[in-house]
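Everything below concerns the one structure shown next.
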Amino acid sequence: MSLPDGVERRSFGGDDEWLATRGEPVYGEPTDGEWRRWDARRSKLGAMFERGMEHGLEGGETVLYLGAAAGTTVSHVADIAGPTYAVEFAARPARDLLEAAEPRPNLFALLKDARSPETYAHVVEPVDAIVQDVATRGQANVALANRRFLREDGRLLLAVKPRSEDVVREPEAVLDEVLETLSEGYAILETRSLEPFHEDHFGVVATRR
Ligand code: SAM
């Protein structure tokens, strides 16, 4: 799968190639003119691109991002997307998220709990993609609760961290359970390990059922 419009591979003066988007720097990442490095080791979505997953993004989509933290990944998303709604419930990272949103008129930070979508349903329009990286127990239920925002032909790009559900059991076994719950509302298109970028994490691409 090719990269969305607005994401390129650039060298930033070294031998390696990195993902990059154009926008205001957010977290001290290296830049080259307008381009800012997007490190897949710091971003599950970046790792899904690097792993060649069927993300379905072309650029310009409307996006709901769940688990935005300080805005590392969602700022890159907003660099290439249309309206981007970023949900984060922890006040501390949300302060940095607000800063990342400042120069990005299409990035809307929502200090909300993604388990309670009714608290932001009046703000969020139907979206082409949901990107989720909450890394907490009940990851599948968060995706199910937010399914209502996803357009019929839209995609869910989900990062699953099995250890957030159960630290003891085999990650693959926990992943199977997450996928089973997820399939109550989504048809799963693809699942891949995000290693070597993120240990014990999986990327999942799904559509609405
Ligand atoms: N996606 C971020 C990035 O790549 O820049 C990193 C996200 S971090 C792994 C997970 C984030 O999800 C944390 O900031 C946590 O506070 C947030 N989170 C967890 N459960 C949440 C919930 N129910 N509602 C909103 N945010 C949540």
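Remember, it's 1-based here, ligands and their atoms both numbered in the order they're listed.
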Notebook entry, point to check: If we only count heavy atoms from C-beta on, is the Trp18 to Arg10 side-chain gap below 4.5 Å?
Noted result: no

Check: If only atom types and distance count, is the side chain of Asn146 paired as donor or acceptor with the main-chain N or O of Ala114 below 3.5 Å?
Finding: yes

Check: For ligand 1, which part of Lys161 has a heavy atom less than 4.0 Å away: the side chain, the backbone, both, or neither?
Finding: neither

Item checked: Arg36 and Arg22, any side-chain heavy atoms less than 4.5 Å apart -> no

Note to self: How far is atom 16 (O) of ligand 1 from the closest protein heavy atom, and which atom is that?
What the structure shows: Glu88 OE2, 2.6 Å

Check: Tell me, do Val127 and Arg151 make a side-chain contact under 4.5 Å, heavy atoms counted?
Finding: no

Margin query: Only heavy atoms of Lys112, strictly under 4.0 Å: list the atoms of ligand 1 that pass.
Written below: 24 (N), 25 (C)

Item checked: Numbered atoms of ligand 1 (with element) below 4.0 Å of Tyr65, judged on heavy atoms -> 1 (N), 2 (C), 3 (C), 4 (O)

Notebook entry, point to check: Which ligand 1 atoms are under 4.0 Å away from a heavy-atom of Thr72?
Noted result: 5 (O)

Check: Out of Asn141, Asp133, Leu66, who gets a non-hydrogen atom closest to atom 6 (C) of ligand 1?
Finding: Asp133

Margin query: Suppose I only count heavy atoms of Ala90 and a 4.0 Å limit; which atoms of ligand 1 are within that range?
Written below: 16 (O)

Check: So, for Leu150 and Arg208, which heavy atoms are closest and what is the spacing to 0.1 Å?
Finding: O-NH1, 2.7 Å

Item checked: Candidate pair Trp38 and Phe49, rule ring-ring contact (aromatic ring centres under 6.0 Å, His included), full reasoning -> CA-CA 11 Å; Trp38 184 356; Phe49 290 161; 5.4 Å; yes

Next item on the list: List every atom of ligand 1 that sits less than 4.0 Å from any heavy atom of Lys44, numbering the atoms from 1 in the order shown and giving each element.
Entry: 9 (C)

Margin query: Looking only at protein heavy atoms, which one is nearest to atom 25 (C) of ligand 1, and what is the separation?
Written below: Phe89 N, 3.3 Å

Margin query: Just to confirm my output: which protein heavy-atom neighbour is closest to atom 19 (C) of ligand 1, and how far is it?
Written below: Val134 O, 3.2 Å

Notebook entry, point to check: Do you know which of Leu189, Leu158, Val178 makes side-chain contact (heavy atoms from CB on, under 4.5 Å) with Val204?
Noted result: Leu158

Check: Nearest 0.5 Å, what's the CD-NE2 distance between Glu29 and His76?
Finding: 5.5 Å

Item checked: Heavy-atom check, side chain of Leu57 versus side chain of Leu157, under 4.5 Å -> yes

Next item on the list: May I ask you to list the atoms of ligand 1 that are less than 4.0 angstrom from any heavy atom of Asp113?
Entry: 22 (C), 23 (N), 24 (N)

Checklist line | Ala114-ligand 1 polar pair, N/O distance under 3.5 Å | finding: yes

Check: Is it true that the side chains of Glu88 and Tyr65 contain a donor and an acceptor less than 3.5 Å apart?
Finding: no

Notebook entry, point to check: Looking only at N/O atoms, are Gly67 and ligand 1 under 3.5 Å apart anywhere?
Noted result: yes

Item checked: Polar contact flag for Ser43 and ligand 1 (N/O pairs, less than 3.5 Å) -> no

Item checked: For atom 4 (O) of ligand 1, closest protein heavy-atom neighbour -> Thr73 OG1, 2.6 Å

Item checked: Atoms in ligand 1 flagged as close to Thr136, the criterion being non-hydrogen separation under 4.0 Å -> 19 (C), 20 (N)

